[in-house]
Trainee: 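Supplied in structure tokens, the structure appears directly below.
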Protein chains: 2
Amino acid sequence: MTAKNDPSRSLALLWGSHTTPGRSGLTVRSIVTAATAIADAEGLAAATMRRVADRLGVGTMSLYTHVPGRAELTELMIDIAYGELYADVDEPAKATGGWREGLRLVGERNWDLYQRHPWLLQATGARPVLGPHATLKYEAELRPLDGIGLTDVQMDSVLTLVLTHVEGVARIQADLARTEDGSGMSDQEWWLSTAPALEKVMDASRFPTASRVGQAAGEHHQASVDPAHAFRFGLARILDGVERLIEEKSPEAGEG
Amino acid sequence: MTAKNDPSRSLALLWGSHTTPGRSGLTVRSIVTAATAIADAEGLAAATMRRVADRLGVGTMSLYTHVPGRAELTELMIDIAYGELYADVDEPAKATGGWREGLRLVGERNWDLYQRHPWLLQATGARPVLGPHATLKYEAELRPLDGIGLTDVQMDSVLTLVLTHVEGVARIQADLARTEDGSGMSDQEWWLSTAPALEKVMDASRFPTASRVGQAAGEHHQASVDPAHAFRFGLARILDGVERLIEEKSPEAGEG
DNA sequence: GGCGGTACCGTACCTTGTACGGTACGAGGT
DNA sequence: ACCTCGTACCGTACAAGGTACGGTACCGCC
């Protein structure tokens with residue numbers, strides 16, 4: 001019994017105590033911390049069971065005493081990381097500037113978190129991690145949207161939109177960083193070394209808009225992509241779109 | 001020489017002919033087609049070199065005669081898939097309804113493509129695939145935004161925003177589908193089997209907004225997440241936000 | 001008819017998660 | 001003080017995947 005997918009097994013692990021040590025001082029907490037440190041520095045793939053165990057000075061299989069498997073370890077890493085987001089559950093709702101600044105704070109904090117822990121992007125999957133910090137995150141992020149005229153379903157949709165945007169742009173950023181230090185070549189270097197070969201093989205006159213816009217964007221960002229700019233530009237558009245949705249619902253508010 | 005990263009190696013492969021056969025009839029095209037078929041059905045991870053070779057009735061290592069490695073095979077798969085997007089390069093620009101409907105078409109077509117080829121989400125990385133179809137895609141998707149008052153940089157930013165949104169939501173959808181038929185459990189089943197255990201371990205009164213909104217959203221979508229709804233809701237907000245950006249730039253256009 | 005290039009492929013190595021079965025530590029009872 | 005038993009710890013082994021290496025055999029050309 002206690003099958004691998006048993007939901008209560010995972011939940012008990014997530015919500016339980018992580019600090020009761022075994023004989024050698026090994027705890028769930030120390031395992032998660034070690035795995036996170038490796039993943040921060042070298043990506044989720046580098047945080048193998050062997051690497052984590054080595055870092056802790058224990059045998060690989062010892063980890064399995066505290067954690068059912070790699071999947072569950074990853075869930076723990078995610079939930080613990082979410083704990084870094086907000087000082088308290090009301091932080092976004094207390095932002096001066098109303099729902100708009102609150103939602104912007106949510107975006108920024110998630111963005112910052114992805115900068116610190118890019119592996120989160122490779123780790124989060126279909127099913128939400130129902131740990132204590134994940135739950136608190138959802139609560140904290142919904143509060144600034146409460147009582148401003150949106151339905152409950154719309155509140156959820158708006159938050160999902162913002163979080164999806166942050167995640168998407170952060171993923172581009174993380175892929176970029178990973179590729180750059182995997183290949184030892186910056187985005188700009190890569191482009192400079194690729195462009196001449198590309199010109200040889202493609203006929204730019206067939207792609208006039210792409211050539212013009214691509215060139216302009218490349219020069220403006222000094223790179224082929226600029227995730228930080230995409231984040232801010234996109235967030236601004238999205239907040240404007242949400243504002244319009246709210247205005248539509250309370251037309252009498254006018255433009256006061 | 002002809003190092004693994006040699007950009008002109010990749011480019012020549014992408015832009016070259018894929019239909020000149022070897023002794024056993026093996027071609028780049030047939031390899032890509034086989035790999036795509038497997039990936040469509042079972043995910044990118046299932047399209048291993050061994051599986052692809054088996055499907056073609058050749059030895060595993062024979063693939064390496066035509067394709068330098070798995071990474072390059074994946075690039076080819078991506079570029080070929082992009083070829084399915086538009087009937088011709090002016091299709092989005094010709095949409096009735098101006099830039100807004102053109103951009104919506106771009107969103108919908110990319111969404112549909114991700115439905116057909118979910119592995120694209122696992123395959124696309126930091127650096128764009130500079131193949132012929134990828135280039136044509138960029139050209140086609142920029143055209144509806146040309147000449148409506150946006151700067152070149154803004155055109156690129158708006159397109160990036162829409163594509164990032166589609167990708168993000170499609171990724172949620174794909175993760176969900178993969179998890180569902182990996183575990184043989186639907187999202188709803190998973191939730192029904194998890195919720196009771198969750199209630200035991202978490203105190204709902206600490207998370208009033210999350211509980212209320214989560215419940216409302218869950219009931220409305222009949223699932224814990226609804227990617228199709230997120231796609232449409234988000235796209236509508238984004239298009240509204242872009243509209244406001246365009247209006248700001250030509251204030252005299254007023255609200256006529 | 002012979003020769004050279006290249007398409008094809010069998011074998012082997014390395015890496016990762018984890019099943020399995022053993023070992024040994026330490027707490028509790030006598 | 002000693003024995004016992006639960007469980008923390010871990011060594012070994014296996015399967016799967018990418019691909020390096022070195023061979024084999026086919027085809028076109030002289």
Side-chain angles (χ1 to χ4, degrees), chain A residues 1-6 9-10 13 16-31 34-35 38-39 42-77 119 122-123 125 182, chain B residues 1-6 9-10 13 16-31 34-35 38-39 42-77 119 122-123 125 182:
Chain A
M1 272 300 107
T2 64
K4 223 37 184 322
N5 309 353
D6 185 0
R9 176 94 158 90
S10 275
L13 191 63
S17 164
H18 303 152
T19 53
T20 54
R23 284 212 291 277
S24 63
L26 208 53
T27 63
V28 171
R29 172 59 54 105
S30 68
I31 293 173
I38 296 170
E42 301 173 50
L44 189 65
T48 66
M49 299 304 264
R50 278 168 240 258
R51 278 289 303 279
V52 173
D54 278 358
R55 173 179 263 257
L56 293 167
V58 301
T60 308
M61 293 312 291
S62 304
L63 303 181
Y64 287 87
T65 302
H66 301 268
V67 155
R70 188 172 208 250
E72 290 80 0
L73 172 55
T74 306
E75 288 194 347
L76 282 162
M77 292 169 67
W119 52 265
Q122 305 162 251
Chain B
M1 274 298 109
T2 64
K4 222 39 182 320
N5 312 352
D6 185 359
R9 177 92 157 91
S10 274
L13 191 62
S17 164
H18 302 151
T19 52
T20 54
R23 284 213 292 277
S24 63
L26 209 53
T27 64
V28 171
R29 171 61 52 107
S30 68
I31 293 173
I38 296 170
E42 300 173 50
L44 189 64
T48 66
M49 299 305 263
R50 279 168 239 256
R51 278 290 303 279
V52 173
D54 278 357
R55 172 178 263 258
L56 292 167
V58 300
T60 308
M61 293 313 289
S62 302
L63 303 181
Y64 286 86
T65 302
H66 302 269
V67 155
R70 188 173 208 247
E72 290 81 359
L73 173 54
T74 305
E75 288 194 346
L76 282 162
M77 292 169 66
W119 51 265
Q122 303 162 252

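Chain identifiers are assigned alphabetically (A, B, ...) following the order of the sequence lines, protein sequences preceding nucleic acid strands; residue numbering begins at 1 within each chain.
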Trainee: If you look at every heavy atom in B:A35 and B:A47, which pair is closest and at what distance?
Mentor: O-CB, 3.7 Å

Trainee: Round to a whole Å and report the spacing from CG of A:D54 to C1' of C:dT15.
Mentor: 14 Å

Trainee: Do A:L56 and A:L63 have side-chain heavy atoms sitting under 4.5 Å apart?
Mentor: yes

Trainee: Does B:E75 form a side chain to side chain contact (heavy atoms under 4.5 Å, CB included) with B:L13? I'd like the steps, not just the answer.
Mentor: CA-CA 10 Å; B:E75 288 194 346; B:L13 191 62; over 6 Å; no

Trainee: Expressed in angstrom and rounded to an integer, what is the separation of B:L26 atom CG from C:dC9 atom C1'?
Mentor: 12 Å

Trainee: In whole angstroms, how far is the P atom of C:dG17 from the CG atom of A:L63?
Mentor: 10 Å

Trainee: Within this structure, what is the CD1-to-C1' distance between A:I31 and C:dG17, rounded to whole angstrom?
Mentor: 15 Å

Trainee: Just N and O in the side chain of B:S62: are any of them under 4.0 Å from OP1 or OP2 of C:dA7?
Mentor: no

Trainee: Taking the side chain as every heavy atom from C-beta outward, state whether A:L76 and A:I31 have any atom pair closer than 4.5 Å.
Mentor: no

Trainee: Output every pair passing side-chain hydrogen bond (donor to acceptor under 3.5 Å, both in side chains) with a member in residues 51-64 of chain A, not counting sequence neighbours, ordered by first then second residue.
Mentor: A:E42-A:R51

Trainee: Rounding to a whole Å, what distance do you find between B:Y64:OH and D:dC21:P?
Mentor: 13 Å

Trainee: Nucleotides 12-17 of chain D: which of its N/O atoms have a protein N/O under 3.5 Å away?
Mentor:
{"residue": "D:dG17", "atom": "N7", "partner": "B:R50", "partner atom": "NH2", "Å": "3.4"}

Trainee: Between A:H18 and A:S30 (side chain of the first, backbone of the second, donor and acceptor by atom type, cut-off under 3.5 Å), is there such a pair?
Mentor: no

